[in-house]
Amino acid sequence: MEEKKSGKAGNARSAAQGKTGGMPTLKRPIIGSILKSALTFRANKIPLVNVFHVSDPVKVQDRELKKLLTRASDTAFGNKFNFNKLLNSKNLREDFAKTVPIYDYDKMFMEWWYRCLNGETFVSWPGKIKYFALSSGTSGASSKYIPVSADMVKAIRKTSTRELFSLVKYDFPNELYQKQALMLGGSTHLQYNGTYYAGDLSGITTGNLPFWFEHFYKPGRRISRERDWPTKIEEIVKKAPEWDIAAVVGVPAWFQILFQKIIERYQVKNIHEIWPNLEIFVHGGVAFEPYKQSFEKLLAHPLAYMETYLASEGFLAYQSRPNVNSMELVLDNGIFFEFVPFTEENFSEDGTIIENPQTLFIDQIEEGKDYAVLISTCSGAWRYMIGDTIRLADRERNEIIITGRTKSFLSLCGEHLSVDNMNRAVQMLGEEKNAGILEYTVLGVKSNGMFGHRWFLGCDQALDPEEAARKIDGYLKKLNDDYRVERLEAIRDVEAEVLPLSVFYDYMRLQGKEGSQNKFPRVLKGEKAEAWLEYLGTVRK
């Protein structure tokens, strides 16, 4: 029976590749050989351990800050904070931190970036902003609009090329560079309102790929333009046997779904029966470790995993060497970094930063401690709190790991639900049903091999749990674009249980956290989630 299935897959691949294969059979090997030769030449000219390695991070970061201030000195932002005067400072980075306040998205948008959306030029970066990356909203708005300047597009492309050069450290065979890469991202068919283009950052960057990479890139321009996600996935499944994929790039949850669909469609045991040359997975957005075990069940053998830290605001770091779980900060390509110790002295209990926190620079942070990240970029973000927390893993290599967010959030598969999203959804439910939902918490769970959310609502009035789950689900789809996408397939179940308020208050008392200064955690994970479920089991008995 198994041989018959493999035969089907082999016949499907042979028939499909016999039709077209995507590009002339000679052209791709020639370009692949040139690429491999270029990578090897670069590696031979510069020792592998030092390829793009920054040996003097202070000097490099000071230079980047000076370049950013010089470029933006004639903008409205630069005029307000007198960048020309700052550039004459002998203590540039210290005076910069004293002069320019810390911004989050809401503050940056309300004071500056809304003007870019209206078509105004030279606001916080020179020229006109042509692209805006849509990112998950943390308030009532469906999405954030993050400016992506032409300089940022070039910077992302440059860092992506560096990441490509790091492949020489993995000792892949020459033939691998003649194969194709599948990038699973947002639509390249961007929204255009007559003034600017808006869409997912992956759609913006994919639409600006170098000409030579198009020979390797899949799913190709037509499928990449598709905005309907299920349709895009179905088109990729149909085309899968025609391609010779060596690398996949994207979010783990969606590739797990895609691989499962391909395996089911062609009745094979694993994805390598369709793509025997698959060797590389470049991933980011969420931690990969929770997926690894179930993901590798879909493979004939493990892949080389490369993590990236590519946010809507810029390409901050990437894994530059094999067999590590840390990423090297990109210190010399359009981003100036600052770090705020993630402590009670600098942040409130809900993750809000205080007015004048302690800020440190790249040479001042210590290994093993958590820091919130501030960035100033070539897209006109200034001392911008990106919302992530990081930990320095290797001082010599400037390598970091992402440890979480400054505020509680839930992201099993890339849904990026913030507490603000959750608060708003519960509030909308209470208002619609005229019910006082004064407490709640939510758990992320595995559900039939995929994922689910379990809501626990504290309400002393009659409230139908099934209707409450359905309503919350609907509100979150409107409040958060990422949630809406992941809900299509990755998040299978959304459940709710309505509990008397006393259940929440009694639990807090048992934890020694009774009183107005203590708040019930909105997201429970790990041991805290297990303790809560154990407590509920006792209550139900």
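Just so you know, these numbers use all the heavy atoms, side chains as well, and skip hydrogens, waters and symmetry mates. Positions are given from 1 along the sequence. Just so it is clear, the model here is predicted, and its values are computed rather than measured.
With Ser149 contributing its side chain and Cys378 its backbone, the two residues share a donor-acceptor pair below 3.5 Å. Thr75 places no side-chain N or O within donor-acceptor distance of the main-chain N or O of Trp125, the cut-off being under 3.5 Å. Tyr105 contributes a side-chain N or O that, together with a main-chain N or O of Tyr145, makes up a donor-acceptor pair within less than 3.5 Å. In this structure a side-chain-to-backbone donor-acceptor pair under 3.5 Å is present from Ser73 to Thr70. Of the possible donor and acceptor atoms, one in the side chain of Glu367 sits under 3.5 Å from a partner among the backbone N and O of Arg395. Proximity of a side-chain donor or acceptor of Asp104 to a complementary backbone N or O of Met385 within less than 3.5 Å is not detected. Asp394 contributes a side-chain N or O that, together with a main-chain N or O of Arg397, makes up a donor-acceptor pair within less than 3.5 Å. A donor-acceptor pair under 3.5 Å is absent between the side-chain atoms of Gln358 and the main chain of Pro341, judged by distance alone. Side-chain N or O atoms of Asp95 include none that pairs as donor or acceptor with a backbone N or O of Leu86 at under 3.5 Å. Panel note: side chain Gln61, backbone Phe337; a donor-acceptor pair is recorded below 3.5 Å.
Here Asp332 pairs with Arg162 in a salt bridge; the nearest charged N to carboxylate O distance falls below 4.0 Å. Salt bridge absent: Glu279 and Lys179 never bring a charged side-chain N and a carboxylate O closer than 4.0 Å.
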Test Tyr196 against Ile129 for side-chain contact (heavy atoms from CB on, under 4.5 Å), laying out the working first.
CA-CA 7 Å; Tyr196 60 83; Ile129 300 297; over 6 Å; no
Check the pair Arg454, Leu533 against side-chain contact (heavy atoms from CB on, under 4.5 Å), reporting the backbone distance first and the verdict last.
CA-CA 11 Å; Arg454 291 184 63 185; Leu533 293 175; 4.0 Å; yes
Give the intermediate values and the outcome of side-chain contact (heavy atoms from CB on, under 4.5 Å) for residues Ile400 and Tyr371.
CA-CA 10 Å; Ile400 57 133; Tyr371 299 91; over 6 Å; no
How far apart are the C-alpha atoms of Ser224 and Met183, what are their side-chain angles, what is the distance that settles it, and do they pass the side-chain contact (heavy atoms from CB on, under 4.5 Å) test?
CA-CA 9 Å; Ser224 294; Met183 301 172 68; over 6 Å; no
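In this structure, the side chains of His453 and Met422 stay at 4.5 Å or more apart for every pair of heavy atoms. With contacts defined as side-chain heavy-atom distances shorter than 4.5 Å, the pair Ser166/Met306 qualifies. Here the side chains of Asn325 and Glu307 are not in contact, with every heavy-atom distance at 4.5 Å or above. Under the 4.5 Å side-chain criterion, counting only non-hydrogen atoms from C-beta, Phe339 is not in contact with Leu374. Looking only at side-chain heavy atoms (C-beta outward), Leu316 and Asp388 stay at 4.5 Å or farther from each other. Using a 4.5 Å heavy-atom threshold, the side chains of Leu299 and Asn270 count as separate. Side-chain contact check for Tyr170 versus Ile280: every heavy-atom pair is 4.5 Å or farther apart. Side-chain contact check for Val58 versus Phe361: every heavy-atom pair is 4.5 Å or farther apart.
Note: Phe77 and Tyr103 meet the aromatic proximity criterion, with ring centroids under 6.0 Å apart. Aromatic rings from Phe259 and Phe295 are positioned such that their centres are separated by under 6.0 Å.
More than 12 heavy atoms of other residues, nucleotides or ligands shown are found within 6.0 angstrom of NZ on Lys107. Counting non-hydrogen atoms of other residues, nucleotides and ligands closer than 6.0 Å to NZ of Lys525 gives a total above 12.
Partners of Trp455 under the ring-ring contact (aromatic ring centres under 6.0 Å, His included) rule, at least two apart in sequence or in another chain, are Tyr440.
Of all the heavy atoms in Pro322 and Lys169, the pair that sits closest is CG-O, 3.8 Å. Of all non-hydrogen atoms in Arg115 and Glu111, the two that sit nearest each other are CD-O, 4.1 Å.
Residue pairs meeting the ring-ring contact (aromatic ring centres under 6.0 Å, His included) criterion with at least one partner in residues 385-404, sequence neighbours excluded, do not occur; the list is empty.
Tested against Trp382, the residues Trp112, Trp113, Phe83 include a single ring-ring contact (aromatic ring centres under 6.0 Å, His included) partner, Phe83. Asp151 pairs in a salt bridge (Lys or Arg N to Asp or Glu O under 4.0 Å) with only one of the listed residues (Lys130, Arg71, Lys158, Arg157), which is Arg71.
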